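If you're wondering where the values come from, they're calculated on a predicted model, not measured in any experiment. Each chain gets a letter, A, B and so on, in the order its sequence line appears, and its residues count up from 1.
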2 protein chains.
Amino acid sequence: MSEKITIYDIAKKLNITAATVSRALNNNPKIKESTRELVIKTAASMNYKQNKLALALKSGRSNNIGVIVPRIDSNFFASVIRGIEEELHPHGYQVIICQTHEDPKRENENLYTLIDAQVDGILMSVTDVANENTGAFHYVLEKNVPLVFFDRSKHIDGVSSVTINDFKGGYITTKHLIDEGCSKIAHFSGDQSLEIFKNRFLGYKQALLDNGMTFNEEYVIRTKSSVESGKEAVNVLLQLKTPPDAIFSSSDFAALGAIQELKDKNISIPKQFCVAGFSNEPFTKFMELSITSVDQSPLEMGKMAARVFLEQVDKTDTIKIEKKVVLAPELHIRKSSSRTTI
Amino acid sequence: MSEKITIYDIAKKLNITAATVSRALNNNPKIKESTRELVIKTAASMNYKQNKLALALKSGRSNNIGVIVPRIDSNFFASVIRGIEEELHPHGYQVIICQTHEDPKRENENLYTLIDAQVDGILMSVTDVANENTGAFHYVLEKNVPLVFFDRSKHIDGVSSVTINDFKGGYITTKHLIDEGCSKIAHFSGDQSLEIFKNRFLGYKQALLDNGMTFNEEYVIRTKSSVESGKEAVNVLLQLKTPPDAIFSSSDFAALGAIQELKDKNISIPKQFCVAGFSNEPFTKFMELSITSVDQSPLEMGKMAARVFLEQVDKTDTIKIEKKVVLAPELHIRKSSSRTTI
DNA sequence: TACTTTCGTGTAATCGATTACATAAAAGGT
DNA sequence: ACCTTTTATGTAATCGATTACACGAAAGTA
């Protein structure tokens, strides 16, 4: 069992003080070169490792940053986290992961826990957008801990965010369906209290209007992000007097459900019916009937969020710069909606 | 900007000492009940939050645990991490994520970094199994930090592990293919220096022998875990004098590649050719031609690894108990190999 | 009353590193 | 030779909380 070696142990061995050791190890210019070399050599030989906790306490910086996501086992969030980790690792930061499981209570709890753990920043995708209770967020801001939202954000003064242009995502996808000759395009919308889903819906609506098509309330179905929900929703649509001939789904899973159900009913895709999803989940491109979907460049989003954090972290004194980064969504056109192209 | 409130601030306000405040907040029985109430009330009114860094320095426990995985953006690892987080969160631990990207250097670096950051334990899936250089691992053990391997493990005295029975996974899958009437079963093997892949291969081989079939070296192709690699591999197989009629792939992605290529060549699945994969990636069940695969219960694996850690963490003085937990793999039979059943 | 417990709190050290300030020694200037 | 500046190092406070030990006051005992 190895004892923990401290700078005091090194100091004692060399008959100098811990202060000198500390300075030598930190390249303080006031140290005689010979002393520095001796200290560094001795430290190495004794297998000295700096105690980060002591450093953290003294400096007030833990070199940890907290990341809060609804859940980690989703391709999107996992990829964002990967991006964050890759960007922050070279700067010496460790990434602490918290999940909310879409529970506002957990969200608040995580915020408080991270602050109490003295993280140097928090990057999060908001769960509780509707809730007016922003107490936990202001607690973070009061402590002057940089806060950056990604993907799902909330309007709070002084908080930066990195999102994709969901409106545009909805718009280009709908436009694409129109270009493929679809004239009755339905929409699977998610939780409308979340900006992302609202914007996808608005983009969809605008594309319809801009192209001389009428917006039909009946064609909008609120779904969950699940295969089952997509199946149910498509059945509702098919029972309408005038059923649609395309679906723009805000979820890849719901899109998949719709496709499975349409196939069961022998409706041919994309000939009779086109489908497009959102998120570019890995499975969309693996399917025999690959699914058209909007890519949110999660890796890039994570890296960008990390960069925004880095920009803010050393400027505690200056005025908070609220930075809003909006990434462009990219439509991946695949078989489920390709009548003209492959 | 809120000042940081410490126990000294509370003490000053109440004209007592910080020691008394600390004792009151920690339910020390030696404190007069009236004092305790007063302190707690005052602390709350002043919005006092304990500084975990100071606590960590004093106690030597950071309440952080480190998790090292090859990458986080894979369904398997993300799910394991979810399991770990869910199990450890109620115990007050925060989870720090590190990725190796399959790079042994990063693995060592991560181990040292985590120890320097004073984590209370490390849960990891090993990247560098072959490497004899176990220096970093012993460094961890010397520091008496509990270490638990999951999925990919290494034989090191005193280190517990949670794995699945890969041999059995290989065995039951191969047996299933035999039961479906396949007589020439090929195998896509991964990196054989990793126990998991070696054991899947051995299970495959044993199942062949136990069922009176001959093991054919030519039928074993070393693939990477990618669609492309699966395509290349199946083409090699099809050019053999006696091509196989089934593949047990140790990777779902390679299995998918094989399926795509077989379809291109108009070989009917499962009638003429059966395919089974490993890992139960989400896409395997979403495909129109769903893919038979072995589930590794990642969530359970994560929880189990966390529990093994919890058992060890408070027993630093007792002899290290080396615990080997082996979870049972579960074969999910789907269309890609179902001639008899659905 | 005098003596022993018990109770509640204060004093001060500790965890390990950093750093403002102090100081002794060496170097430089006239 | 004497004074000033520079250089290298030591002293001690600090970050915030915990805790062994000390001690005065209150309570219990004979």
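- Of all nucleotides listed (C/dT18, D/dT11, D/dT18), D/dT11 comes nearest to the side chain of A/Ala19.
- Counting any heavy atom pair closer than 4.0 Å across all strands shown, B/Lys49 reaches sugar-phosphate atoms only and no base atom.
- Considering only side-chain N and O atoms, B/Thr35 lies nowhere under 4.0 angstrom from the phosphate OP1 or OP2 of C/dG8.
- Closest to the B/Arg23 side chain, of the nucleotides C/dA17, D/dC21, C/dA12, is D/dC21.
- Between the P atom of C/dT19 and the CG atom of A/Asn27 lies a distance of 13 Å, rounded to the nearest Å.
- Ion pair A/Arg106/B/Glu86 not flagged as a salt bridge, since none of the NZ, NE, NH1 or NH2 atoms sits closer than 4.0 Å to an Asp/Glu carboxylate oxygen.
- Using a 4.0 Å cut-off, no side-chain N or O of B/Gln118 falls inside it from OP1 or OP2 of C/dG16.
- When rounded to the nearest whole Å, the span between CG of B/Asn15 and P of C/dT11 equals 12 Å.
- Side-chain atoms of B/Asn108 do not come within 3.5 Å of backbone N or O of B/Lys105 as any donor-acceptor pair.
- With hydrogens and angles ignored, the 3.5 Å screen pairs no side-chain donor or acceptor of B/Asn26 with any backbone N or O of B/Asn28.
- Here B/Asn26 reaches the OP1 or OP2 of D/dT18: one of its side-chain N or O atoms lies under 4.0 Å away.
- Distance A/Ile16 CD1 to D/dT11 C1': 15 Å, rounded to the nearest Å.
- Proximity of B/Tyr8 to the phosphate of D/dT14: no side-chain N or O atom is located under 4.0 Å from OP1 or OP2.
- DNA chain C is contacted by both B/Lys32 and B/Ala54; B/Lys32 maps to the nucleotide lying nearer its 5′ end (nearest heavy atom per residue).
- Geometrically, A/Lys154 does not engage A/Phe149 in a cation-pi contact, judged by NZ or CZ lying under 6.0 Å from the ring centre and within 45° of the ring axis.
- A close approach under 4.0 Å does not occur between any side-chain nitrogen or oxygen of A/Ser22 and OP1 or OP2 of C/dA17.
- Look at A/Thr17 and you'll find a side-chain N or O under 4.0 angstrom from OP1 or OP2 of D/dG10.
- At whole-Å resolution of the value, CD in B/Glu33 and C1' in C/dT9 are 16 Å apart.
- As rounded to whole Å, 16 Å separates atom P of D/dG16 from atom CZ of A/Arg61.
- Across the protein-nucleic acid pair, B/Leu25 atom CG and C/dT9 atom P stand 13 Å apart, rounded to whole Å.
- Under 3.5 Å, the side chain of B/Arg36 and the base of C/dG8 form no donor-acceptor pair of N or O atoms.
- When rounded to the nearest whole Å, the span between CG of B/Leu55 and P of D/dA17 equals 9 Å.
- Nearest-nucleotide positions on DNA chain D place A/Lys30 closer to the 5' end than the other of A/Lys30 and A/Leu57.
- Checked options A/Leu194, A/Val69, A/Ile196, A/Leu327; the residue passing with A/Asp151 is A/Ile196 (criterion: side chain to side chain contact (heavy atoms under 4.5 Å, CB included)).
- The distance between atom CG of B/Asn28 and atom P of D/dT18, rounded to the nearest whole Å, is 11 Å.
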